[in-house]
Structures are given as structure tokens and as C-alpha cells.
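Below is one structure, written out as C-alpha cells; the observations come after it.
This one's a predicted model, so the numbers in the text were calculated from it and none came from an experiment. The analysis underlying the following values was restricted to heavy atoms, covering all of them including side chains, and did not include hydrogens, waters or symmetry mates. In what follows, every chain begins at residue 1, and chains take the letters A, B, ... in the order their sequences are listed.
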Protein chains: 2
Amino acid sequence: MKAYVTVMLKTTVLDPQGKTIQGALKKMGYKGVDAVRQGKFFELALDGGLDKIAAKAEVERIAREVLTNPVIEEFSYRLED
Amino acid sequence: MKAYVTVMLKTTVLDPQGKTIQGALKKMGYKGVDAVRQGKFFELALDGGLDKIAAKAEVERIAREVLTNPVIEEFSYRLED
């Protein structure tokens, strides 16, 4: 089973990296992009021994306790067989 | 419309950052994670004036030409209204 975790800055937190990318795109002539936000993406390959419920709990714990800084970031995830 | 672009190292390319995270998780006692790969995630807010086909073309161009290093990375994306 695989887990895909996305970690983004909270929408209330300024994202200078995203702003820079947006500015660069504009200068380079790409049209139609009003805003950019950058985040991190993690692909976790899970032990086949875990059932769906255990996998969900473990991934949530890892995302919350290790992959995310809860002060400024939030995460979402999905599981796939 | 929003576009979500995920950029990952190609599977043939070693991902030391992911390896480090996996090692850390193991040492910290988290069970059931066989491998970790880390990538980047971009959320693009698109101009409302673009139709779906134009948006798709523009996002693909941006992902290919700016957000991804084609030598070592590959991207995937999805559009959402």
C-alpha cells in the first residue's frame, strides 16, 4: 500500500517561495497564473502487513508528528492499494 | 480554476532526502514504512478567463519548462474547478 502526504503552509501564512515562482512566471511571459503556493509531497511505501485502518492511523501519526510543523503547516493524505 | 502539480524525482534517481526521512522514522519507532520519497507540490490559482483546454496546455507548459528539471524529475498534475 502507498500513502501520499501533501504538506502545505496554512493559507494564513505568507508563502514567499510561491510568490517568487509566480513573479518569475509572470516575467517569463506565462499567462493566466494568479497565485502560486508551494508545498511538500511525500510518497510512503507501507509494509504489506498493515491493514487499511492501521495504515491510516500510522500515516496520520507520521504526518502530524514528523512531516508537518503544526504551527505554520497543514497536511492532507490519501492511501492507495 | 486551480491546478495541482506534483514533481518527483524519477524512480531511477536516488532520493537521499527520502532515505533520511525513512531512517529517522525507523529510529523514532514508527513501524510499517518501507520507503519514503520526497517531492514538491505546487498549487496554481489560474485566471478565470482560461477555459479548460487552455488551462491544461498552460499548466503543462509551466510544469515542463519551469517547475521540473527534466533530467532527474517528472511531474503529474490535475485541474480542479
inquiry  = Counting heavy-atom pairs under 4.5 Å with chain B, which one of A/R61, A/K40, A/E43 comes out on top?
reply    = A/E43

remark   = One should read off an interatomic distance between B/M8 CE and B/Q38 CD, to the nearest 0.5 angstrom, of 8.5 Å

key: Minimum heavy-atom distance between A/V13 and A/R37, given as atom pair plus value   = O-NH2, 2.7 Å

ask   = Do you know which of A/Q22, A/Q17, A/E65 has the most heavy-atom pairs with chain B at a distance under 4.5 angstrom?
value = A/E65

ask   = Of all of A/D47, A/V59, A/D15, which one pairs up most often with chain B through heavy atoms under 4.5 Å apart?
value = A/D47

ask   = So do A/I21 and B/L67 actually touch side chain to side chain, heavy atoms under 4.5 Å?
value = yes

query = Counting heavy-atom pairs under 4.5 Å to chain A, which of B/V66, B/D34, B/L44 comes out on top?
reply = B/D34

key: A/L46/B/V33 under side-chain contact (heavy atoms from CB on, under 4.5 Å): CA gap, chis, key distance, verdict   = CA-CA 5 Å; A/L46 299 174; B/V33 179; 4.1 Å; yes

query = Does one hydrophobic cluster hold both B/Y4 and B/Y77, with members joined at side-chain heavy-atom distances below 4.5 Å?
reply = no

request  = Please state whether the side chain, the backbone, both or neither of B/M28 comes within less than 4.5 Å of a heavy atom of chain A.
outcome  = side chain

ask   = Below 4.5 Å, heavy atoms only, C-beta onward: do B/L79 and B/K56 meet side chain to side chain?
value = yes

request  = Identify which part of B/K2 has an atom lying under 4.5 Å from any heavy atom of chain A, answering side chain, backbone, both or neither.
outcome  = neither

key: Under 4.5 Å from any heavy atom of chain B - which part of A/M1   = neither

inquiry  = Need one label for B/E58: side chain, backbone, both or neither, based on atoms under 4.5 Å from any heavy atom in chain A.
reply    = side chain

task = Measure from the side-chain N and O atoms of A/T68 to the backbone N and O of A/R64, and report whether any donor-acceptor pair falls under 3.5 Å.
result = no

key: B/L25, part contacting chain A, at a heavy-atom distance under 4.5 Å   = side chain

request  = Name the region of B/L50, side chain, backbone, both or neither, that has any atom closer than 4.5 Å to a heavy atom of chain A.
outcome  = side chain

